[in-house]
K.L.:
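My structure is below; once you've seen it, I'll send some questions.
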Amino acid sequence: MSPAEHPTPPGTNDSPQASGPADDESGDAPATPDRAGPVPPAHPGPGPADVGVGGAPGAPGGGGAPGRPGGARERDEGAARWPGRAIRSASGGGGHRTPYALARLAERHARALHRDRRQRAEIAAVREEGRGRISRGRYGGLTVVAVYGAAGALAVVALVWTEWHGVRQAQAALAFGALIAVGEAIRCVEAPPALPGGGGGVPDPRGEPAPLAAAGALGYALLGRLGGEPASHGVLQAVAVVVAASLAGLVAPLAFGCPVDPGHTARRVLTAAFAAVCFQPLHRTGRLADWLGHGPSLVGYLLVLLALTALCDAVLAAALARARTGWPYGPLLRDELRSLPGVGAAVCATAAVMALTVAVAGLWPVPVLAVPLLLIQYSYRRYAGIRATYRQTIASLARSTEIAGYTPTGHAREVAGLSRAVGRELGLSEPRLTVLEYAALMHDIGQLSLVDPVPAGATEPLPAAEQRKIALLGGAVVRQTGVPAEVALVVERQADPYREQPLAARIVRAVNAYTELVSGPAAGGAAAGAAALRALERLRLATARDFDPVVVEALATVLSRGVYGRPR
Amino acid sequence: MDGEEDTVRALPHGARAYVLCAVLAGAYCAAPAVRPGAAVPWATTALLAAVHAVGSRVRGRWPEWCSPVLLAGAFLLPPAAAALVAVPGALLARVERPPAGTRRAWRAARLSLAVWAASCAFAALDGPGALGALWALGDAAQAPAGQAPSGATGAPGFPYALAAAVAAALVLGLTATALEGGVLVTADRQSPRAAWWGRLPGSLAPYLVHGPAGLAMAVLWRSPYGPAAALLVLLPMYVCACGFVLYRRESAAHQATIRALVQAVDIKDRYTRGHSERVGRASAMIARELGMSGDRLEAVRIAGILHDVGKLGVPTRLLRKNGPLTPDERRVIELHPEYGDEMVRGIGFLGEARAAILHHHERLDGSGYPYGLAGAQIPEFARVVAVADAFDAMTSTRTYSRARPVPTAVEELRRCAGSQFDPRMVRALTRALDRHGWHAAVTADAPEERGNVPPGADLVPPLVRAGAPDALDTPGAGTPGGAP
């Protein structure tokens, strides 16, 4: 990926080449080679025959030629019509001076609005360039070092202390340790695969991937009694058991070559230590019994403590995710918090029940109480599986226009990936990002109802009425699918002026227009970087009516980062 | 009241008598609790009943998720009082179809009888004794240190209590399923074998989980930590139920998306409306006749539905052209299997169905397209779909021909068997047609059609289905969707 391929929006062109080297070092590029840059090489000429039939042995030779809809000549006409379009639409079609001036004014306003945001992005880019791949900014690096350092130091201290003093109540340690190890070994490894070919797909936040291990660790940390006797393991032994069992549980995934997330183990150790510190000393000194007695109020204390622990875990998880991806912290934390009521609540409840039941009835209930969590894991795994399949099916539906020769190959995926990145930049939550992604994937589906393809599949140069008709037809198809109704709404409204659109539709419209401008025939001759600049300029010029200036600036910010989406 | 009487009349007499008997039996079982002088812990009963009522309202589609409450009642209370625990929940739960009153009464009676039976079983196994030993242990924990029992970590009572609890839970499940089978037999006129044996294994499985959960609730209920701790046991069960419901919803959405793929073809090629769906149905008929089942049957059905999806890649002008096609145009149209294969390449679960999409125009003698495969080289699914495709093409009206009657079409298929079609598939189709007939009516536009999309019941994991909605609520339960 050469620096020249990176579009740099006009506002951020202090160092036009700055983003190039930094991205090459981000380490993501090899994993998604075909998605590495926002600007694909110009499509030589989309047609059904290009799609993949060529490799088929024995295919009727030359069959593709007559079937290729939309001849080259038509496409050239489209290219000729294209360049002046954005300005014309911005000026209300008449070419009068006043609306045009208004457009400039709106544009300037938008620029002022977002100047500081761009500056921040710029600073981040420069910093990234300077520091290479170790960290994405000071914050991310510090977070990672702090979390791992704290967890590691704690683990070492706990293990040494336990080794020194010997393990107390070995049966309980063994039972809970086994539970944690098994839980870690069977954790959900599969992040639902992104769309085939990539495109900014991130794992859905489904909360705890190893609920069994989490419940075991918390249950052991909050264990106050053991079948009638006071439990004698302290904070450090609890931590040591969690550490040892988590590491033991990681052996199986490593042996099978599954990916292992060390951040997760670090979080587990820290949260268990937090819970133990808040419970064990109070309990052993008898203060807890003095304050709350042994009855129902102890249950209340445990619940409050577990809720706090879950909050801490969410904060840690969001911080680690930010360090890894560089996405804004707020939405990440919100997603983590939103996933708590499901599996997280079940984990906390099981941990509390485990600690209390073991206090009454000994260690026998431990495996019994683990069963519902296993079922939860099973059901959510199945859910993730069907969700991935569903995504693939949607992607196939989206590709139908490409195979039918209505749109260039990869167009839907590209718009989806870029839209998702823009949506994330604008702080959309995960469910809304999913809606946005589905809508972006299927935004062109209405073209199927056209008898003859639109030149190069570019809807943006069409008359507004035609665009709206295609959008409505597309919405009708999308309603047939099982996707949420919002998706169909977004597809239907994608051709409206931005003030009448929902936010997702604004994003899809702007990104679609940008993608068509960059990869379409209009950009044919220009170098990729120049085409991107010109495309952004066109969008900015049309912010009076067609494109939302906020969205366009977010798009520019995303593009200035180079590898948008940043899967993982 | 009159209106309700009218709708009740829709039920057969046998079913009404059956429900009446169940209600009377339930009342008889619960009677000892309300007899004056009976020692019933009313507070526990009322609290459990309230929790169960709330729980059954919260997730109305599947009220069984809170049956650990019923089991805890069965473990904690004498049988007569335990029978009462289920009543408010059953009476308050949502009823989707009339006659509401009868349904509610039936549910209450069924659950009460089941809980009563479970409670009796638990008592017979001396479960209460084992539980009592556990509580004694827990109380000892409260006593000043020094007199804690020895060997406390291995509380000997728990494994025995666990075994008794699981047995009691199975009795609960068995009773509920047996009673429900009775309604299926009397109201829906199902064969007793299908009503009882067919449902039994699936409906008992969840009780293997609910039993231990109920025991944990019972243990905590009487422990110093009290009912608040016991209710926490329900939370994981609820999340689990949500997980299965989510799965179900998502897979329904997925089916709809597959249908949308087909309807995208319909947009381009109006004359084939409904064709895909009928081919899917005919393919499934053949496959069932060949002894396929489960996932493979589903894959054949989807292969049949999606077989022409590649037509999306063919220019609309060609598909809608009236009159004969030039050789060039024909060649373009003959590309559609490959377009289809290319389109569904990203869909992981299709597997064999993809081969059927690619090869459904191959002929047995090797003169088909796209690859000219012959005989056994052609994948089995593709041979199935080819027969189904040809059959439906002949029996439906096209631009170029009128619809032919079914016998003529079958005769034509027989004539081409061996050269174009696999004779085994043709025979299977013939047998299936003899047995079930052919319904050309398409439900393509009806939102809740069942021929194409498997009904929810097929997708529900046994855990959700089990415990089973009352038969009265699902008269359609006896018609497992799919091919008629």
Side-chain angles (χ1 to χ4, degrees), chain A residues 48 51-53 56 58-60 63 66-67 69 171 196 225-229 294-296 299 342 345-346 349-350 352-353 356-357 360-365 368-369 371-373 375-376 379-380 382-383 386-387 389-390 392-397 399-400 403-404 448-449 451 477 480-482, chain B residues 134 137-138 140-142 148-149 152-155 158-159 209 212 216 219-220 223-226 228-229 232-233 235-237 239-240 243-244 246-247 250-254 256-258 260-261 263-264 267-268 312-313 315-317 328 331-332 335 338-339 342-344 346-349 370-371:
Chain A
V51 171
V53 187
Q171 279 185 350
R225 288 175 173 273
L226 188 58
E229 298 177 335
H294 270 294
V299 181
T350 307
V353 168
L356 298 175
T357 322
V360 176
L363 288 171
W364 274 100
V368 172
L369 292 171
V371 174
L373 281 184
L375 282 175
I376 288 177
S379 71
Y380 277 75
R382 279 181 64 139
Y383 170 63
I386 189 79
R387 204 174 155 80
T389 314
Y390 181 36
Q392 291 169 354
T393 312
I394 297 258
S396 277
L397 185 60
R399 289 200 320 150
S400 63
I403 289 179
L448 283 177
S449 52
V451 174
V477 176
Q480 309 283 345
T481 67
Chain B
L134 278 178
L137 202 64
Q142 303 314 306
T153 47
F158 195 83
V209 180
V219 167
L220 283 175
S223 77
Y225 307 112
L232 280 180
V233 176
L235 193 54
M237 307 303 291
V239 173
C240 189
F244 280 113
L246 267 181
Y247 168 77
E250 198 76 3
S251 77
H254 179 227
T257 308
I258 288 187
L261 263 173
Q263 274 163 354
I267 289 179
K268 296 188 68 155
L312 282 173
T316 312
R317 217 170 255 301
D328 271 350
R331 241 179 299 165
V332 172
L335 280 176
E338 288 168 275
Y339 289 149
E342 169 64 24
M343 277 192 61
V344 299
I347 309 183
F349 80 102
Y371 295 170

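Order of the sequence lines fixes the chain letters, A, B, ..., with proteins taken first and strands second; residue numbering starts at 1 for each chain.
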K.L.:
With chain B, which of A:L356, A:V299, A:L373, A:I394 has the greatest number of heavy-atom pairs at distances under 4.5 Å?
P.N.:
A:L356

K.L.:
Can A:T393 and B:H254 be said to form a side chain to side chain donor-acceptor pair (under 3.5 Å), step by step?
P.N.:
CA-CA 7 Å; A:T393 312; B:H254 179 227; 2.8 Å; yes

K.L.:
So which atom in A:Y380 and which in B:G243 form the shortest heavy-atom distance, rounded to 0.1 Å?
P.N.:
CE1-CA, 3.6 Å

K.L.:
Chain B: which of A:T389, A:V477, A:L369, A:V371 shares the most heavy-atom pairs with it under 4.5 Å?
P.N.:
A:T389

K.L.:
At what distance, to the nearest 0.5 angstrom, does CE of B:M237 lie from CG of A:L375?
P.N.:
7.5 Å

K.L.:
I need the residue from B:V239, B:I258, B:V219 with the largest number of non-hydrogen atom pairs under 4.5 Å to chain A.
P.N.:
B:V239

K.L.:
Below 4.5 Å from any heavy atom of chain A, which atoms of B:L220 appear? Answer side chain, backbone, both or neither.
P.N.:
side chain

K.L.:
What residues form a side chain to side chain contact (heavy atoms under 4.5 Å, CB included) with A:S396, not counting sequence neighbours?
P.N.:
B:I347

K.L.:
Applying side chain to side chain contact (heavy atoms under 4.5 Å, CB included), can you list everything that pairs with B:P236, at least two apart in sequence or on another chain?
P.N.:
A:A346, A:A349, A:T350, A:P372, A:I376

K.L.:
Under 4.5 Å heavy-atom distance to chain A, tell me which part of B:A216 shows up: side chain, backbone, both or neither.
P.N.:
side chain

